[in-house]
Number of protein chains: 2
Amino acid sequence: METLNAAELLAALGHESRLSIFRLLVEAGPDGVIASVIGEQLGLPSTTLSFHLAHLSRVGLIRGQKEGRFIRYSAEYPTMDELIAFLTRNCCHGKACLPKTATCDTTAKRRELATGAAATEKLITNPAE
Amino acid sequence: METLNAAELLAALGHESRLSIFRLLVEAGPDGVIASVIGEQLGLPSTTLSFHLAHLSRVGLIRGQKEGRFIRYSAEYPTMDELIAFLTRNCCHGKACLPKTATCDTTAKRRELATGAAATEKLITNPAE
DNA sequence: TCCATATTTCAATTATTATTGAAATATGGA
DNA sequence: TCCATATTTCAATAATAATTGAAATATGGA
């Protein structure tokens, strides 16, 4: 991920309503939440909600899936993972760093949720400098 | 960290110049970088640079330490850690989650850098939910 | 003291983003 | 078909943030 794209994602999350929406969806998990339910939970008028959902969708942090009259939104976890990886990448000259995929990638965890497999994690010390 | 504060941090990072400054400091490590050097590296006029440095300082993502005529800025890693922890907290209902301190806290790594101790990491499966 | 440089503050302008009511669209159910 | 509801689009306004030149401040060195 390059700086411009990351800034776009961070700006999208840098608004209280949108961050609340995103966090709600992150906690909700892959099944997502119907738009109107998000609005009820957060107390946002439909117009404002739609505006922010569109913004988050446009930058790729969430996605909406139509279900009849409803739209079910869910967090785009890979985007979040990449963003966090970007923020911490090559931290402190990359000395002795936990690799970004070990420190911040939540993909493995979600795979485990799906398969029921036990969680495992390796620590890889970066020998480079 | 609460949503409002996190949104403030994310908004601060959600600007290309500020994100570039922050990333430069994250990569530079705890020693930090003199303000004018940041400006040269990123090609920012001093006024604009000062504006963005003040913004990042105000929200607590960086700090400046005076050194004679110069100011040496460095990343506030604990703030970054808390922000990342906030983003991923209780992800997917907290089921089988890697704890946030294991997934995203870079404090341990920096402690290792300082002490020279070998990096170790434990995986703690969340039994709740 | 005087000068050069680092950084900030000020002020004015410009640009961008958020909010919201009203209207439009889409869909399922009666 | 007609209605109720979910969601979006439109349009106007309001609010906030970014940019930058010029001036001010601070500091070390000559």
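Lettering follows sequence order; numbering is per chain, from 1.
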Separation of D/dT9 P from A/R58 CZ (nearest whole Å)
11 Å
Single-linkage hydrophobic cluster, 4.5 Å side-chain cutoff, A/L24 and A/F70 together
yes
Answer for the Watson-Crick or wobble partner of D/dA17, both distances under 3.5 Å, is C/dT14
Between A/E67 and A/A11, whichever has its closest DNA chain C nucleotide further toward 5' is A/A11
Euclidean distance, atom CZ of residue B/F70 to atom P of D/dG29 [Å, nearest integer]
9 Å
From the list C/dT9, D/dA6, C/dT19, which nucleotide is the closest neighbour of the side chain of A/S36?
D/dA6
Taking D/dT20, C/dT8, D/dT7 as options, the one with an atom nearest any side-chain atom of B/P45 is D/dT20
Go through the steps for B/L44 and B/S17 under the test side-chain contact (heavy atoms from CB on, under 4.5 Å), then give the verdict.
CA-CA 8 Å; B/L44 295 172; B/S17 299; 3.8 Å; yes
Are the side chain of A/R72 and the backbone of A/G64 linked by a donor-acceptor contact shorter than 3.5 Å?
no
Between CD1 of B/I21 and C1' of D/dT19 the distance, given in whole Å, is 14 Å
Verdict with supporting geometry, B/E8 and B/L4, side-chain contact (heavy atoms from CB on, under 4.5 Å)
CA-CA 6 Å; B/E8 193 172 59; B/L4 184 58; over 6 Å; no
Does A/T48 have a side-chain nitrogen or oxygen under 4.0 Å from the phosphate oxygens OP1 or OP2 of C/dT20?
yes
Now, which nucleotide makes the Watson-Crick or G-U wobble pair with D/dT27, with each of the two distances under 3.5 Å?
C/dA4
Is A/T47 near enough to C/dT20 that one of its side-chain N or O atoms lies under 4.0 angstrom from OP1 or OP2?
no
Separation of C/dT20 atom C1' from A/H55 atom NE2, nearest Å, is 18 Å
Passes side-chain contact (heavy atoms from CB on, under 4.5 Å), B/N90 versus A/V26? Steps please.
CA-CA 8 Å; B/N90 202 25; A/V26 164; over 6 Å; no
In this structure, how many angstroms lie between the C1' atom of C/dT17 and the CD atom of A/E16, rounded?
16 Å
Could you state the CG-C1' distance from B/L49 to D/dT19, rounded to the nearest angstrom?
13 Å
Map A/R18 and B/A35 onto DNA chain C by nearest heavy atom, then report which one ends up closer to the 5' terminus.
B/A35
Rounded to the Å, how far apart are A/L19 CG and C/dA18 C1'?
16 Å
Between D/dA18, C/dT7, D/dT7, which nucleotide gets closest to the side-chain atoms of B/H15?
D/dA18
Given A/L83 and A/T79, is the side-chain contact (heavy atoms from CB on, under 4.5 Å) satisfied, shown in steps?
CA-CA 6 Å; A/L83 177 60; A/T79 305; 5.6 Å; no
Check nucleotides 25-27 of chain D against the protein and report each pair of N or O atoms closer than 3.5 Å, with its distance, or say if there are none.
{"from": "D/dA26", "atom 1": "O3'", "to": "B/K66", "atom 2": "NZ", "distance (Å)": "3.4"}
{"from": "D/dT27", "atom 1": "OP1", "to": "B/K66", "atom 2": "NZ", "distance (Å)": "3.2"}

Whole-Å distance, A/H52 NE2 to D/dT8 C1', equals 14 Å
Transitive ILVMFWY side-chain link A/L87 to B/V59, under 4.5 Å
yes
